[in-house]
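Naming convention: chains lettered A, B, ... in sequence-line order (proteins, then strands); numbering from 1 in each chain. Every heavy atom of this structure was used, including side-chain atoms; hydrogens, water molecules and symmetry mates were not.
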Amino acid sequence: MTKVLSAVAWPYANGPRHIGHVAGFGVPSDVFSRYMRMAGHDVLMVSGSDEHGTPILIAADEAGLTPQQLADRNHRLIVEDLVGLGLSYDMYTRTTTRNHHAVVQEMFRGVHENGYFVEQTTYGAISPSTGRTLPDRYIEGTCPLCGTPGARGDQCDACGNQLDPHDLVDPVSRINGEKPEFVETRHFFLDLPALAEALGEWLDERDASGTWRPNVIKFSKNILSEIRPRAMTRDIDWGIAVPLEGWVDNPTKKLYVWFDAVIGYLSASIEWARRTGDPEAWRQWWNDPEALSYYFMGKDNITFHSQIWPAEMLAYNGQGSRGGSQHEYGVLNLPTEVVSSEFLTMEGRKFSSSKKVVIYVADLLSRYQADAFRYFVAAAGPENQDSDFSWSEFVQRTNSELVAGWGNLVSRTATLVAKNFGEIPSAGDLTDADRAVLEACRAAFDEVGDNIGRNRMRHAITAAMRTVAEVNKYVTDSEPWKIKDDPDRLATVLHVMTQCVQDLNTLLSPFLPFTANEVDRALGGAGDVQPLPRIEEADDLDGGPGYPVITGDYSTIRPWGSLPVVVGTPVSKPAPVFTKLDPALVDDELARLGL
RNA sequence: GGGGCGGUAGCUCAGCCGGUCAGAGCAGAGGACUCAUAAUCCUUGGGUCGUGGGUUCGAGCCCCACCCGCCCUACCA
């Protein structure tokens, strides 16, 4: 029994999430977490909504709301999306809680006291009317290199060159069109070079484990060679106050959103512990060197999880080249593994909310089964390379693999049992074929479990579905519908079938938690294979406004392995568990997308 | 410009440390069967493994060059 922290990327609360987001971090992390619980580990799965930063400020302005109001609205939408997908967080919270603010400030103070912040003066753009920093990408003007108008401050799309916004000809703010003012400003920079050696040692050690995806470890090592100090404060009025004399009351200086967002893994763990009534419980996952931690995200976040966040922890722990002392949270564990997925595209193009090339989670869930989507992502998602979601592929995989392969096996098994016995019959003497198929199901637990544990979801589900096909073959070969005068043999075949279906259901349940419970009921069970998350309206622990969180009790999850069926359990003819999709919906959905 | 990933049957993709590696699923064709959401099962796959060189007894798998697609390289998160 190992402590396993499942740290899931924090969705940015500037709008609802689309299926590309949840394909990258949501489904894979949930499959992993459910499996690890089944395998007997103590899993703590945490995440939350990331609510600070410039884009939310801008979105709020556009919507005529305060940033907090916008964040409130989007946090709730995101919570509903994630629960709808069955993602089994122990604590899904947000970054505007008082608890999070306090944890972030403690981390800042620890890093500061250990000497890993350097103050530097930089030269940047601000909006004269608001005093806010104008990030490079929010400035546009004529490219000084190719003369194309409309170039962004960071890069010219026309000639592809990277730019300094100060070099733009006639720069204007993309937010309100005003001319930006370039001013000097003081900021705290995280002294990453002073942490580079420790980061390198950590990465070498992780590399030696051989478990990271090759591109993630390579990329992480590569960016280490160009490491330089990075600003951790911003000229902005939306964020967490800098907890230092002379800064804390400054309304226009806040912590950089990424400094605070990654600390969410820790603050959410602490919040979870405080809510369970054992406020120190989180330390088992963070301070015990034996504990494991897996971080799930899309590839655009690798930098923050294999460099910034470990660097923050090393600095807080006092483990960089400047040394330092320990603080309230003790020595924090660095990530065991950074599990990054690639990107999901949509009908061959990139997701783009502004261009309406997008499928929102809520829309998908309003028309299709969550498990059908989860299956698609596990079987064809962007695990090691970009992959494409197309409606025709979704329909095809759902119909031929989930409905015709797995769903049909469940259906024919339950129907035969119901018709012939009305309950699960006991087995007589087993033939070689009986033993072989039972053994195939039992053996699948090792292969599927091993692959899930290594985050090879495509391999895992492929192996599971191959076993489904083996059982279907066994059924066809055994022809139980033709056994008329040998009740013992009939009972034996149906018993074996039922046992196989139950094993396969357990095997597939991390991928398909909703339908796993339905399949269990179809076999006369209680439908409690996979516990589901729930939304809870929580009070802020420190007197702030309340907010919805996702949590759940997953202690009753079914153990990983074959569980003998209970002879005599009543079984009736089942209703279909999986919904077969009409191919005509492909055109409907494409029309919806304007394609 | 620098770094990384990918280019394998119509489609989606497996192929670990080089030697049954030329494969699976889907689609298509033919057949069997009828318990099942017309589902299942069997048979059927000659694709120069992006291109051109090289290393080797032997290369999708190693090296070099090139072509194509994508990602990272941001004071966006």
Between the OH atom in A:Tyr295 and the CD atom in A:Glu337, the distance rounded to the nearest 0.5 Å is 12.5 Å

Distance col, row A:Thr415:OG1 vs A:Trp481:CH2, nearest 0.5 angstrom, shows 12.0 Å

Mind calculating the distance between [atom1] ([X]) and [atom2] ([N]) to the nearest angstrom?
X: A:Phe343; N: B:rC70; atom1: CZ; atom2: P; answer: 14 Å
X: A:Ile302; N: B:rG3; atom1: CD1; atom2: P; answer: 17 Å
X: A:Glu383; N: B:rC13; atom1: CD; atom2: P; answer: 12 Å
X: A:Asn384; N: B:rC71; atom1: CG; atom2: P; answer: 17 Å
X: A:Asn472; N: B:rU37; atom1: CG; atom2: P; answer: 14 Å
X: A:Leu409; N: B:rA36; atom1: CG; atom2: C1'; answer: 10 Å
X: A:Glu401; N: B:rA27; atom1: CD; atom2: P; answer: 9 Å
X: A:Gln396; N: B:rU12; atom1: CD; atom2: P; answer: 11 Å

Check whether [X] reaches the backbone of [Y] with its side chain - one donor and one acceptor, N or O, closer than 3.5 Å.
X: A:Asn451; Y: A:Ala460; answer: no
X: A:Asp260; Y: A:Val104; answer: no
X: A:Thr413; Y: A:Met497; answer: no

From C-beta outward on [X], which listed nucleotide comes closest to its side chain: [options]?
X: A:Lys473; options: B:rG4, B:rU37, B:rC42; result: B:rC42
X: A:Ala404; options: B:rU40, B:rC33, B:rC41; result: B:rU40
X: A:Asp300; options: B:rU12, B:rA77, B:rC41; result: B:rA77
X: A:Leu416; options: B:rA77, B:rU40, B:rC35; result: B:rC35
X: A:Lys573; options: B:rC13, B:rU37, B:rG25; result: B:rU37
X: A:Phe219; options: B:rC72, B:rC33, B:rU37; result: B:rC72
X: A:Phe304; options: B:rA36, B:rA77, B:rU34; result: B:rA77
X: A:Arg456; options: B:rU40, B:rU34, B:rG15; result: B:rG15

Short N-O contact, A:Lys221 and A:Asp204, less than 4.0 angstrom:
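Yes.
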
Taking only the [atom1] atom of each, what is the distance from [N] to [M] in whole angstrom?
N: B:rC62; M: B:rC41; atom1: C1'; value: 43 Å
N: B:rU44; M: B:rC57; atom1: C1'; value: 36 Å
N: B:rU43; M: B:rC63; atom1: P; value: 39 Å
N: B:rC13; M: B:rC70; atom1: P; value: 15 Å
N: B:rA22; M: B:rC26; atom1: P; value: 23 Å
N: B:rG23; M: B:rU48; atom1: P; value: 15 Å
N: B:rC67; M: B:rU51; atom1: C1'; value: 7 Å

Classify the nucleic acid contact of [X] as base, sugar-phosphate or nothing, counting any heavy atom under 4.0 Å across all strands shown.
X: A:Arg228; result: sugar-phosphate
X: A:Asp235; result: nothing
X: A:Arg458; result: sugar-phosphate
X: A:Ala469; result: sugar-phosphate
X: A:Val577; result: base
X: A:Pro576; result: base
X: A:Val403; result: base

Strictly by Watson-Crick or wobble contacts shorter than 3.5 Å, is anything paired with [N], and which nucleotide is it?
N: B:rU37; value: none
N: B:rG69; value: B:rC5
N: B:rU12; value: B:rA24
N: B:rA29; value: B:rU43

Fill in: 5' precedence on RNA chain B between A:Glu470 and A:Lys299 (nearest-nucleotide basis)
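Final value for this comparison: A:Glu470.
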
Specify the residue among A:Ala231 and A:Glu393 whose closest nucleotide of RNA chain B lies further upstream toward the 5′ end.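 Closest to the 5' end, via its nearest nucleotide, is A:Glu393.
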
Quiz item: Given the side-chain rings of A:Phe373 and A:Tyr368, with only the six-membered ring counted for Trp, is the space between their centroids under 6.0 Å?
Solution: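 Ring centres of A:Tyr368 and A:Phe373 not closer than 6.0 Å.
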
*asked:* Check for me whether the distance between the ring centres of A:Phe511 and A:Tyr375 falls short of 6.0 Å.
replied: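 That pair fails the under 6.0 Å test.
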
Counting only side-chain nitrogens and oxygens, does [X] get under 4.0 Å of the OP1 or OP2 atom of [N]?
X: A:Lys419; N: B:rC35; value: no
X: A:Ser411; N: B:rA39; value: no
X: A:Lys218; N: B:rC5; value: yes
X: A:His459; N: B:rC16; value: no

